[in-house]
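A quick note: this is a predicted structure, and the numbers were derived from the prediction, not measured. So that the names make sense, note that chain A is the first sequence line, chain B the second, and so on, each numbered from 1.
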Amino acid sequence: MPCPAQMLGFTTPIRLARVIFGGRTFRSYINPPREAHSTALPLSQHVFASNRRTEPHPHSCDNTARMPPQFTPRTLKTFQRRLLAWFRAHQRDLPWRSSRDPYRIWVAEIMLQQTRIAAVLPYYRRFLKTFPTVESLARAPQEKVLQLWSGLGYYSRARNLHRAAKEIASSHAGEFPRTLEAALALPGIGSYTAAAVLSIAYDQPLAVLDGNVARVLARLGAIRGDLRAPARWRQLAASAQSYLALTAPGDWNQALMELGETICTPRIPRCGVCPVSRWCLARARGLTREIPAPRRKRAPVRIRIAAAILRDPRGRTILVRDPGAHDDVLFSRMWQFPAVEVARHPEAELATHLHDILKIDRASLHLEPLPSARHGVTFRNITLLPFLARVPRLPKRPRTRVLLLSRLAQLPASSATHKIAAALARR
DNA sequence: AATGCGGGGTC
DNA sequence: GACCCAGCATT
């Protein structure tokens with residue numbers, strides 16, 4: 001039977017892993033990985049004393065985790081008290097902190113994946129107003145869920161959230177699961193989200209590890225190297241578990257994240273006001289600027305995409321969905337204007353595309369160029385080239401939708417689509 | 001272990 | 001303009 005820490009992907013004891021990048025080509029990356037080297041730290045605390053097996057075997061929970069040497073059990077307690085006190089005094093009033101409803105916490109955690117609080121806030125309020133309970137979300141059509149997610153990005157989050165809500169409604173009596181195993185079985189819920197919801201809503205002793213926590217822990221323990229490398233991430237996860245304040249796991253997790261976001265920031269941390277700087281090995285060794293190591297990043301690829309706003313005399317336009325493989329990347333399988341990646345002759349290539357998918361007659365088609373816009377999707381650096389085409393009537397085709405341009409916001413559409421529509425107003 | 005997925009705040 | 005974010009699923 002795996003212990004909770006193992007289910008979160010920890011392997012204990014942590015081995016000093018030399019990460020091998022042999023054979024990898026770095027040419028296409030901006031930041032080639034540095035020589036990987038772990039910082040050796042003593043195994044100094046038992047994490048899951050109660051889970052200790054008399055017969056340790058490779059799959060048992062070994063209970064030991066790496067912890068920076070500046071701590072003793074007593075100073076660890078002081079450290080925890082200080083950080084918790086700081087959090088309780090300085091935490092911001094965020095909508096998902098006003099209740100312990102697991103549903104509300106879960107939705108927030110999904111939205112917050114790779115997304116800043118400021119970006120989430122308006123989406124969260126609107127979403128909770130529309131779907132105040134897991135049952136209301138489970139009953140909703142996916143189209144409506146995606147519409148409320150439009151512009152927030154990572155749309156599979158919304159699709160998975162919706163699927164998970166249906167599962168909770170049908171198989172968990174409408175209650176978010178209380179066990180780690182059941183939570184992890186839900187779509188869109190991984191180590192981080194499971195630990196976050198279970199600790200915050202149910203007081204379960206599960207430490208979260210996200211980008212913020214990883215940075216804080218890496219600095220505390222002066223851990224060098226790429227924090228996202230799987231072996232090091234597991235090391236950090238074990239470390240996080242060893243720090244966890246069992247008296248208030250939810251507050252503790254949020255305290256670490258809040259510290260990382262407001263004090264222990266990526267570039268220039270505000271060590272002067274950090275409540276736990278006295279225990280920070282990176283600060284003691286002058287390594288705060290070296291830690292964390294920069295993330296490896298794919299080199300950007302520039303592409304151009306031409307898109308057509310067809311408009312009939314009544315001000316209606318036509319949107320398409322799932323028109324072809326490469327368009328999905330940019331438009332996330334949501335409603336979009338007919339568009340195609342172009343090379344040398346955007347107008348001509350777009351006209352051909354419109355003929356191909358909508359059977360629009362090329363000869364009578366006039367495409368008026370609109371102001372271009374820029375759009376980034378992961379490593380793609382996209383120039384959007386919108387065109388306006390006035391047409392007497394809009395075609396009727398499968399997987400298309402005709403609607404007033406002014407009603408665009410009522411459909412699921414990515415930001416790229418909204419940028420194209422906005423070009424019309426900037427004309 | 002590596003990759004792709006959105007979008008925007010912040011420096 | 002670069003960096004990175006309250007990660008997850010897939011291969």
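- Remark: C1' of B:dT3 and CG of A:Asp226 are 14 Å apart, rounded to the nearest angstrom.
- Side chain of A:Arg234, nearest nucleotide from B:dA1, C:dA6, B:dC11: B:dA1.
- Atom P of B:dG6 sits at a distance of 14 Å from the matching atom of C:dT10, rounded to the whole Å.
- Distance from the side chain of A:Arg215 is smallest for C:dC5 among the nucleotides B:dC5, C:dG7, C:dC5.
- With distances taken from any side-chain atom of A:Gln113 to the nucleotides C:dG7, B:dC11, B:dC5, the minimum falls on C:dG7.
- In this structure, A:Trp252 has its ring center under 6.0 Å from that of A:Phe79.
- Looking at the side chain of A:Arg267, the nearest of the listed nucleotides B:dG6, B:dC11, C:dG7 is B:dC11.
- The distance from atom CZ of A:Phe331 to atom P of B:dG4 is 19 Å, rounded to the nearest whole Å.
- The backbone N or O of A:Ile168 lies less than 3.5 Å from no partner atom in the side chain of A:Ser171, so there is not a single donor-acceptor pair.
- For A:Lys419, the NZ atom counts as densely surrounded, since its 6.0 Å shell holds more than 12 non-hydrogen atoms of other residues, nucleotides or ligands.
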For residues 80-89 of chain A, which side-chain N or O atoms pair as donor and acceptor with protein atoms under 3.5 Å away, sequence neighbours left out?
residue	atom	partner	partner atom	Å
A:Gln80	NE2	A:Tyr243	O	2.5
A:Gln80	NE2	A:Leu244	O	3.4
A:Arg82	NE	A:Pro275	O	2.6
A:Arg82	NH2	A:Pro275	O	3.4
A:Trp86	NE1	A:His90	ND1	3.4
A:Arg88	NE	A:Asp251	OD2	3.1
A:Arg88	NH2	A:Asp251	OD2	3.1

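- Checking the phosphate oxygens (OP1, OP2) of C:dG7, no side-chain nitrogen or oxygen of A:Thr193 falls inside 4.0 Å.
- The number of heavy-atom neighbours closer than 6.0 Å to CZ of A:Arg426, taken from other residues, nucleotides and ligands shown, is above 12.
- In this structure, A:Gln114 and A:Pro230 both approach DNA chain B, and ranking their closest nucleotides by distance from the 5' end singles out A:Pro230.
- Across all strands, A:Ile110 comes closer than 4.0 Å to no nucleic acid atom at all (heavy-atom distances).
- Comparing the P positions of B:dT10 and C:dA6 gives an interatomic distance of 11 Å, to the nearest angstrom.
- Between A:Thr193 and A:Gln113, the side chains place a donor N or O and an acceptor N or O closer than 3.5 Å (distance only, hydrogens not considered).
- Contacts between residues 256-263 of chain A and DNA chain C, counted as heavy-atom distances below 4.0 Å, involve A:Met257, A:Glu261.
- What separates CZ of A:Arg228 from C1' of B:dG4 is a distance of 14 Å, to the nearest Å.
- Put simply, A:Arg380 has a side-chain N or O that comes within less than 4.0 Å of OP1 or OP2 on B:dC5.
- Of the residues near DNA chain B, A:Arg157 and A:Ile268, the one whose nearest nucleotide (by heavy atom distance) lies more toward the 5' end is A:Arg157.
- Side-chain atoms of A:Leu112 and A:Asp210, non-hydrogen and from C-beta on, never get closer than 4.5 Å to each other.
- Side-chain polar atoms of A:Thr262 and A:Arg92 form no donor-acceptor pair below 3.5 angstrom.
- Put simply, CD1 on A:Ile189 is 11 Å from C1' on C:dC8, counting in whole angstrom units.
- Per the geometry, CG belonging to A:Asn381 stands 13 Å off C1' belonging to B:dG7, to the nearest Å.
- Within a 6.0 Å sphere centred on CZ of A:Arg407, other residues, nucleotides and ligands contribute 12 heavy atoms or fewer.
- At the heavy-atom level, A:Thr265 lies nowhere under 4.0 Å from the strands shown.
- A search for salt bridge (Lys or Arg N to Asp or Glu O under 4.0 Å) contacts involving A:Arg97 returns A:Glu258, not counting sequence neighbours.
- In terms of the salt bridge (Lys or Arg N to Asp or Glu O under 4.0 Å) criterion, residue partners of A:Glu143 (sequence neighbours excluded) are, by chain and number, A:Arg321, A:Arg401.
- Checked by distance alone, A:Tyr192 brings no side-chain donor or acceptor within 3.5 Å of a matching partner on the base of C:dG7.
- At the phosphate of B:dG6, neither OP1 nor OP2 sits under 4.0 Å from any side-chain N or O atom of A:His375.
- Evaluation of atom-type donor-acceptor distances gives no pair under 3.5 Å for the side chain of A:Thr115 against the base of C:dG7.
- Taken residue by residue, residues 413-427 of chain A places heavy atoms nearer than 4.0 Å to DNA chain B at A:Ser414, A:Ser415.
- Taking atom CD1 of A:Ile382 as the reference point, atom C1' of B:dG8 lies 15 Å away to the nearest angstrom.
- The nearest heavy atom of DNA chain C to A:Gln254 and to A:Leu186 marks one nucleotide each, and the one closer to the 5' end goes with A:Gln254.
- A:Met111 places its CE atom 16 Å from the P atom of C:dC8, with the value rounded to the nearest Å.
- Distances shorter than 4.0 Å separate some side-chain N or O of A:Tyr155 from OP1 or OP2 on B:dG7.
- Taking atom CD1 of A:Ile117 as the reference point, atom P of C:dC5 lies 13 Å away to the nearest angstrom.
- Residues from residues 90-104 of chain A that place a heavy atom under 4.0 Å from any atom of DNA chain C, listed by number: A:Leu94, A:Trp96, A:Arg97.
- In this structure, the side chain of A:Gln241 engages the main chain of A:Pro205 through a donor-acceptor pair within 3.5 Å.
- Within the structure, every side-chain polar atom (N or O) of A:Arg116 is placed at least 4.0 Å from both OP1 and OP2 of C:dC4.
- A salt bridge does not link A:Arg380 to A:Glu341: none of the charged nitrogens lies less than 4.0 Å from a carboxylate oxygen.
- Other residues, nucleotides and ligands place no more than 12 heavy atoms under 6.0 Å from the CZ atom of A:Arg302.
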